[in-house]
> 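Once you've had a glance at the structure underneath, I'll fire off some questions.
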Amino acid sequence: MANFTKSHVPRFSAEVYQNPYLPEGGREVHAIVTVTATGGGTTGGRPVSAGGAGGPDAGVVIMVDCSGSMDYPPAKMRGAREATAAALDTVRDGVGFAVVAGTHRATEVYPGGGRLAVAGAATRAEAREALRKLSAGGGTAIGTWLRLTERLLSSAGAGIRHAILLTDGRNEHESPQELRAALDACFGSFTCDARGVGTDWEVKEVTAIASALLGTADIVADPSGLTADFTRMTEQAMGKEVADVALRLWTPLGAETVFVKQVAPTVEDLTGRRKEAGPRSGDYPTGSWGNESRDYHLCLRVPAAAVGQEMLAGRVSLIISAPDGPASATPPQPLSQGLVRAVWTDDAAASTSINPQVAHYTGQAELAQVIQQGLDARKSGDTDGATAKLGRAVQLAVASGNGATAKLLAKVVDVVDAATGTVRLKAKVAEADEMTLETRSTKTIRVKK
């Protein structure tokens with residue numbers, strides 16, 4: 001097991017890619033902001049966050065579905081035990097951790113007592129022993145699992161707070177409203193990666209959990225793949241250096257924000273998650289960061305102006321967001337910032353040119369949307385609608401070089417002509433292939449800059 005501790009936090013940079021030129025009277029400004037964190041290390045210190053002083057540098061909770069269906073086949077329960085043990089081997093010494101068994105209620109498997117254990121050789125051995133006792137039986141109420149996880153992570157005062165959730169079925173023992181309330185209560189307390197094992201779970205349910213808690217979602221169709229996936233997720237969690245980072249967007253008087261979307265590595269609409277942060281400023285949550293890079297698409301609406309006029313349309317800053325509670329007397333200092341401009345011109349070539357990064361990610365967002373629409377149409381029996389949407393998806397995937405998505409689409413449709421989006425729906429599609437396409441539809445490729 002790798003044994004390492006944290007050093008200094010990453011340095012953030014923000015690069016803005018846009019065509020600032022608008023025709024006379026033009027109002028809509030688009031920009032791609034690439035945020036990169038570099039220079040974090042692993043040799044001493046602790047992660048940075050707005051809270052967490054005095055607790056462990058990080059806390060991880062693994063939620064394992066133990067409902068009755070996890071025994072059909074038994075490989076699912078066995079795979080979940082082995083994967084959880086492997087994930088705990090990846091947790092570095094000193095990190096707080098716990099394991100929760102999820103059925104129609106949530107149970108602390110280890111360590112118990114409403115707390116986190118501190119990772120070390122002895123506690124890992126104890127946790128592995130506790131995992132051997134996991135058995136399947138009962139229903140599924142994921143909201144209860146999340147609420148227990150929130151209590152455990154909040155009690156520890158950890159800087160980085162992360163969870164892994166594994167389920168194999170639908171959330172049948174609580175209402176959608178109860179799950180939504182639990183997600184709202186947990187938002188900001190921790191990030192969560194969600195995984196569905198097998199093919200009996202609901203894709204939109206699992207992806208909604210990951211989306212709400214700023215994590216990733218994926219399918220593990222074969223339980224034998226759980227160990228590698230859990231290990232990879234935990235390694236990534238251990239690489240996080242800064243918690244609670246927000247993208248702060250300031251716009252001038254008369255301007256407004258149309259949308260803010262993460263567009264790489266996945267498409268995630270952040271517009272509705274804005275939290276007001278002072279005059280004409282709003283914060284959009286981005287979760288925890290290690291050494292990594294992400295892209296965001298901003299669309300701003302500015303007051304119309306005459307040719308020759310120029311204005312600052314927006315200012316993007318990266319800040320460590322404060323926890324809910326009394327406002328701090330000292331405002332957070334930006335980790336980095338970038339500027340979005342608007343310039344009005346009568347040069348038609350300049351004002352009609354689309355920035356390559358904006359064009360690329362507009363296409364990637366459309367790709368994710370038409371895949372979802374096509375699969376929904378297919379499920380409802382709308383063959384013509386499904387063919388049209390999935391054909392457009394093939395066209396976009398191939399044109400943008402998104403080979404991974406193109407391969408997934410080829411398992412659902414027969415491609416006649418990729419360039420024109422001409423396809424035929426396959427008569428028989430493996431359920432795992434359709435669920436994989438749906439789950440991974442929001443994954444994008446980076447534009448070459």
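In what follows, residues are counted from 1 in the order of the sequence shown.
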> Should R195 and D65 count as an ion pair when the cut-off is N to O under 4.0 Å?
no

> Counting N and O atoms only, with roles assigned by atom type, does the side chain of R92 sit under 3.5 Å from a partner on the main chain of M238, one being a donor and the other an acceptor?
yes

> CG of L367 to CD of Q372: how many Å apart, nearest 0.5 Å?
10.5 Å

> Taking atom CZ as the centre, does F259 end up with more than 12 heavy-atom neighbours from other residues, nucleotides or ligands that are less than 6.0 angstrom away?
yes

> Please determine whether a side-chain nitrogen of the Lys or Arg among D218 and R440 lies less than 4.0 Å from a carboxylate oxygen of the Asp or Glu.
yes

> Between the main-chain N or O of I142 and the side-chain N or O of E174, is there a donor-acceptor pair closer than 3.5 Å?
yes

> Do D269 and K261 sit within salt-bridge range, that is, some charged N less than 4.0 Å from a carboxylate O?
no

> Counting only N and O atoms by type, is there a donor-acceptor contact under 3.5 Å from the side chain of S336 to the main-chain atoms of A14?
yes

> Before you tell me yes or no, could you show the steps for W145 and T167 under side chain to side chain contact (heavy atoms under 4.5 Å, CB included), namely the whole-Å CA-CA distance, both residues' side-chain angles and the distance that decides it to 0.1 Å?
CA-CA 11 Å; W145 315 355; T167 184; 4.3 Å; yes

> Donor-acceptor check, side chain of W289 to backbone of D244, threshold 3.5 angstrom: yes or no?
no

> Salt-bridged, D376 to K389, with N to O below 4.0 Å?
no

> Has the side chain of Q262 got a donor or acceptor atom that lies under 3.5 Å from a matching backbone atom of T266?
yes

> Is atom CZ of R115 surrounded by more than 12 heavy atoms (other residues, nucleotides or ligands) closer than 6.0 Å?
yes

> Looking at every non-hydrogen atom in both residues, tell me the closest pair between T442 and A368 and how far apart they are.
CA-CB, 4.0 Å

> Could you give the distance from CG (L213) to OG1 (T149), rounded to the nearest 0.5 Å?
10.0 Å

> May I ask you to say whether K240 pairs ionically with D57, meaning some side-chain N is under 4.0 Å from a carboxylate O?
no

> Does the side chain of V370 come within less than 4.5 Å of Q395's, by heavy atoms?
no

> Once side chain to side chain donor-acceptor pair (under 3.5 Å) is applied, do any residues pair with E82, and if so which ones, sequence neighbours excluded?
none

> Between R161 (side chain) and S189 (backbone), is there a donor-acceptor pair under 3.5 Å?
yes

> As an exercise, state the distance from CZ of R81 to SG of C66, rounded to the nearest 0.5 Å.
8.0 Å

> For residues Y110 and T123, determine if any side-chain heavy atom of one lies less than 4.5 Å from a side-chain heavy atom of the other.
yes

> Can you find a heavy atom in the side chain of P265 that is under 4.5 Å from one in the side chain of E292?
no

> Compare all side-chain heavy atoms of R446 with those of D295 and state whether any distance is below 4.5 angstrom.
yes

> Could you please spell out the steps behind the salt bridge (charged side-chain N to carboxylate O under 4.0 Å, His left out) verdict for R170 and D200?
CA-CA 7 Å; R170 293 170 175 81; D200 293 328; 5.5 Å; no

> Is a donor on one side and an acceptor on the other found under 3.5 Å between the side chain of H360 and the backbone of I445?
yes

> How far apart are the C-alpha atoms of Y296 and T286, what are their side-chain angles, what is the distance that settles it, and do they pass the side chain to side chain contact (heavy atoms under 4.5 Å, CB included) test?
CA-CA 10 Å; Y296 298 89; T286 67; 3.4 Å; yes

> First locate atom CZ of R147, then atom CG of L183, and finally report the distance between them rounded to the nearest 0.5 Å.
9.0 Å

> Below 4.5 Å, heavy atoms only, C-beta onward: do I371 and L408 meet side chain to side chain?
no

> Tell me the closest heavy-atom pair linking A119 and R124, and the distance in Å.
CB-NH2, 3.8 Å

> Does the side chain to side chain donor-acceptor pair (under 3.5 Å) test come out yes or no for Q177 and R180, once each step is laid out?
CA-CA 5 Å; Q177 293 76 18; R180 183 74 253 173; over 6 Å; no

> For a side chain to side chain donor-acceptor pair (under 3.5 Å) check, start with the C-alpha distance between H173 and T140, then their side-chain angles and the critical distance, and finish with the verdict.
CA-CA 5 Å; H173 290 81; T140 306; 5.0 Å; no

> Quick test of your reading of the model: are E235 and R232 salt-bridged, counting only N-O distances below 4.0 Å?
no

> Check whether any side-chain N or O of K76 sits under 3.5 Å from a backbone N or O of S69 as a donor-acceptor pair, and report yes or no.
yes

> Please report the closest heavy-atom contact between M77 and L134, naming both atoms and the distance.
CE-CB, 4.0 Å

> Does the D193 side chain pair with the main chain of T216, one donor and one acceptor, at a distance under 3.5 Å?
yes

> Under 4.0 Å between a Lys/Arg side-chain N and an Asp/Glu carboxylate O for E438 and K379?
yes

> Please report the shortest heavy-atom distance between A158 and A58, naming the atom on each side.
CB-C, 3.6 Å

> Evaluate side chain to side chain contact (heavy atoms under 4.5 Å, CB included) for V203 paired with E434, printing each intermediate quantity in order.
CA-CA 10 Å; V203 171; E434 184 174 0; over 6 Å; no

> S400 vs N402, test: side chain to side chain donor-acceptor pair (under 3.5 Å). Steps then yes/no.
CA-CA 6 Å; S400 66; N402 194 331; 5.0 Å; no

> Indicate the atoms forming the closest heavy-atom contact of T191 with G287, along with that distance.
CG2-CA, 4.3 Å

> With distance as the sole criterion, is a donor-acceptor pair present between the side chains of E268 and S211 under 3.5 Å?
yes

> Minimum heavy-atom separation for V258 to T271, with atom names?
O-CG2, 3.8 Å

> Evaluate whether atom NZ of K204 has more than 12 neighbouring non-hydrogen atoms of other residues, nucleotides or ligands under 6.0 angstrom away.
yes

> With a 4.5 Å heavy-atom cut-off, do T444 and V263 have their side chains touching?
no

> Between S380 and A377, is there a donor-acceptor pair closer than 3.5 Å when you use the side chain of the first and the backbone of the second?
yes

> How many angstroms lie between atom CG of D71 and atom OG of S135, to the nearest 0.5 angstrom?
8.0 Å

> With heavy-atom distances below 4.5 Å as the criterion, would you say the side chains of F230 and T84 are in contact?
yes

> Kindly determine whether V242 and I320 satisfy side chain to side chain contact (heavy atoms under 4.5 Å, CB included), including the steps that lead there.
CA-CA 8 Å; V242 186; I320 297 176; 3.9 Å; yes

> Is there a salt bridge (charged side-chain N to carboxylate O under 4.0 Å, His left out) between D433 and K428 once you walk through the steps?
CA-CA 11 Å; D433 289 337; K428 292 185 178 180; over 6 Å; no

> Compare all side-chain heavy atoms of V100 with those of L152 and state whether any distance is below 4.5 angstrom.
yes

> I need the C186 SG to R151 CZ distance, nearest 0.5 Å.
9.0 Å

